Number of protein chains: 2
Amino acid sequence: MLRESRKKELKEHIFLQALQLFYDKGYEQVTVQEITAKCGIGKGTFFNYFAKKEDILLYLGESQIELLQQSIEKHRNIGHPKEQIMHALNDLLLHFSSHSELMKLATIEIMKSASLAGKESKSVQQLHLQLASMLDRAKQDGKLHSRWETDVIVTTIVGVYFHTILSWALLEAQHTTISESFRKQLDVVWEGIDPYIGGGDK
Amino acid sequence: MLRESRKKELKEHIFLQALQLFYDKGYEQVTVQEITAKCGIGKGTFFNYFAKKEDILLYLGESQIELLQQSIEKHRNIGHPKEQIMHALNDLLLHFSSHSELMKLATIEIMKSASLAGKESKSVQQLHLQLASMLDRAKQDGKLHSRWETDVIVTTIVGVYFHTILSWALLEAQHTTISESFRKQLDVVWEGIDPYIGGGDK
DNA sequence: GTCATAAAATGACCGTGGTCATATTGAGGA
DNA sequence: TCCTCAATATGACCACGGTCATTTTATGAC
């Protein structure tokens, strides 16, 4: 086979060049021709690596989720699960401050693929699994006392996460960072997930 | 000038004809030409009423949100706020069972406009305002005892709502209805919002 | 080195979304 | 009834995303 690494490298190269153009001119204003020209390849070649122009955004979203997963792995044994989640997400949320436009597009693309492709969409589902296993362990270790099924908890958290990102635009004018926004939302739902932490006595 | 009602009527007509086609063939497979042909108008006319093809989906989403708002208004004085919300949303969620594909697309379009247009997007923001006023009244009437700011509560609920819709696909295989899914999510976060209802003693 | 074969590149081509200059329509004034 | 003017309709046109038949290139067997 043709140098297999070469293939991945080219995909990465196209991705990075495209990203650069998106940063400069905005997603809609960049044509596929421009991207391929910048890469010194023919237009058709692009579609050997990304089936649609949108798929670059999806790829961006997926690599962010991968970062998130690594981050979760890293914080796995520190403190309460709530804090673990907050820490892991915080790293990722910082990206949003600098490239909010593109990050929002990527998030939407992720959601689109997750909802329309259903079981086919790998990345979000893997994130679910990983969070679930993290929370299950925490339950066993006695760090999490919750009456709810793990699956339901995970869905809740992910839901709040996505929506924080999307609705952040509405609050941007005020002096809240996106991290603060998410922290607030998490505080609320965590109270429902595990009242023990919050200082309640139930 | 020109019969103003006529204008709205035509927009509605285009909308309904388009919807019919989408139901039959799927959104992507329907061209703007087809829609205008079915309406007996020229292609260009379409774009006098909807700036983009996608905007039909947005319009669909917005009219769903309007229904939701009316529904909330209707249930305004019955029972606890949690139940009010559940009832109001239930009506809407039923649509998803029958037309899930199109409804998901509409939801995504709503989210896109809400996040990218920011303050410009009316409908979601109005929904926020309405829910907020409902919850504020409930607080005053002593039906809701929550330590959280109303805004934060609303964002949480809306977030869970949207995410339930989108991630429903993943659970569709199991025998849960979308209403049940949402009920579960709401149970969790409501516990955090107002532990009083849940039977806790805090 | 040569050949056979499969992977990957390519750009002419096509269909569709969206634009725009022009045509049509209808309301109101004389 | 006719004229004016703005609102609306229209379809030729264009640019871009995406396809595909064809060409180029890398690989391994001999």
Side-chain angles (χ1 to χ4, degrees), chain A residues 1-61 102 105-106 108-109 112-113 116-117, chain B residues 1-61 102 105-106 108-109 112-113 116-117:
Chain A
M1 321 271 171
L2 241 166
R3 203 56 140 294
E4 310 191 9
S5 66
R6 171 87 195 133
K7 210 181 152 188
K8 280 212 164 182
E9 268 172 34
L10 182 50
K11 178 165 186 175
E12 202 67 19
H13 183 63
I14 294 173
F15 174 63
L16 291 174
Q17 297 299 312
L19 224 53
Q20 191 60 57
L21 287 170
F22 293 163
Y23 287 151
D24 294 347
K25 312 176 51 180
Y27 175 76
E28 293 284 357
Q29 334 311 323
V30 176
T31 71
V32 174
Q33 294 236 31
E34 265 183 282
I35 297 171
T36 55
K38 195 173 184 196
C39 294
I41 60 178
K43 181 183 171 186
T45 307
F46 176 91
F47 293 97
N48 291 339
Y49 293 88
F50 298 93
K52 312 179 161 229
K53 186 189 172 193
E54 294 176 334
D55 284 6
I56 296 182
L57 296 174
L58 188 59
Y59 189 78
L60 173 60
L102 214 51
L105 288 174
I108 287 166
E109 221 48 47
K112 203 192 291 185
S113 102
L116 298 179
Chain B
M1 299 289 176
L2 237 169
R3 204 59 139 295
E4 309 191 11
S5 66
R6 173 85 196 135
K7 211 182 153 187
K8 281 212 162 182
E9 269 173 33
L10 182 51
K11 179 165 186 174
E12 202 67 19
H13 184 64
I14 294 172
F15 174 63
L16 292 174
Q17 297 299 312
L19 225 54
Q20 191 60 56
L21 288 170
F22 293 162
Y23 287 151
D24 294 348
K25 310 176 51 180
Y27 175 76
E28 292 285 355
Q29 333 313 323
V30 177
T31 72
V32 174
Q33 294 236 30
E34 264 182 283
I35 297 170
T36 53
K38 195 172 182 196
C39 294
I41 60 179
K43 182 184 171 186
T45 307
F46 175 90
F47 293 97
N48 291 339
Y49 294 87
F50 298 93
K52 313 179 160 235
K53 185 187 171 194
E54 294 177 333
D55 283 6
I56 296 181
L57 296 174
L58 188 60
Y59 188 78
L60 172 60
L102 213 52
L105 288 174
I108 287 167
E109 222 47 47
K112 203 192 289 184
S113 102
L116 298 179

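Letters A, B, ... are given to chains in the order of the sequence lines, protein chains preceding strands, and every chain is numbered from 1. Since we're looking at a predicted model, the values are computed, not measured.
Backbone-only engagement by A:Lys53 is indicated by non-hydrogen atom pairs under 4.0 Å involving sugar-phosphate atoms exclusively. Note on A:Gly42: only backbone sugar-phosphate atoms sit closer than 4.0 angstrom, heavy atoms only; bases stay farther off. Contact annotation for B:Phe50: no contact, since no heavy-atom pair falls under 4.0 Å across all strands.
In this structure, A:Leu10 places its CG atom 14 Å from C1' of D:dT25, rounding to the nearest Å. Rounded to whole angstrom, the span from the NE2 atom of A:His13 across to the P atom of C:dA9 amounts to 12 Å. For the pair A:Gln33 CD and D:dC14 P, the interatomic distance rounds to 17 Å; values are reported in whole Å. Distance CD1 (A:Ile35) to C1' (D:dG18): 13 Å, rounded to an integer number of Å. Separating the NZ atom of B:Lys43 from the P atom of D:dA12 is a distance of 11 Å, rounded to the nearest angstrom. In this structure, CZ of A:Phe46 is placed 9 Å from P of D:dG17, rounded to the nearest angstrom. In this entry the distance linking CD1 of A:Ile14 with C1' of C:dA8 reads 12 Å, nearest Å. Atoms CG (B:Leu57) and P (C:dG17) sit 12 Å apart, rounded to a whole Å.
Closest of all the heavy-atom pairs between B:Glu28 and B:Lys53 is O-NZ, 4.0 Å.
Counting heavy atoms from C-beta outward, A:Thr36 and A:Thr45 have side chains that stay 4.5 Å or more apart. With contacts defined as side-chain heavy-atom distances shorter than 4.5 Å, the pair A:Tyr59/A:Glu109 does not qualify. At a threshold of 4.5 Å between non-hydrogen side-chain atoms, the residues B:Phe50 and B:Val32 do not count as touching.
Of the side-chain N and O atoms in A:Tyr49, one or more sit less than 4.0 angstrom from OP1 or OP2 of C:dA9.
Below the 3.5 angstrom threshold, one finds no donor paired with an acceptor across the side chain of B:Lys52 and the base of C:dG18.
The side chain of B:Thr31 approaches C:dG17 more closely than any other nucleotide in the set C:dG17, C:dA9, D:dG18. Comparing atom distances between the A:Phe47 side chain and each of D:dA9, C:dA9, D:dG17 picks out D:dG17 as nearest. Closest approach to the B:Ile41 side chain among C:dA8, D:dA9, D:dT10 is made by D:dT10 (side chain taken as heavy atoms from C-beta onward). Of the listed nucleotides (D:dT8, C:dG17, D:dG17), D:dT8 has the atom at the smallest distance from the side chain of B:Asn48.
Heavy-atom contacts from other residues, nucleotides or ligands closer than 6.0 Å to NZ of B:Lys52 number 12 or fewer.
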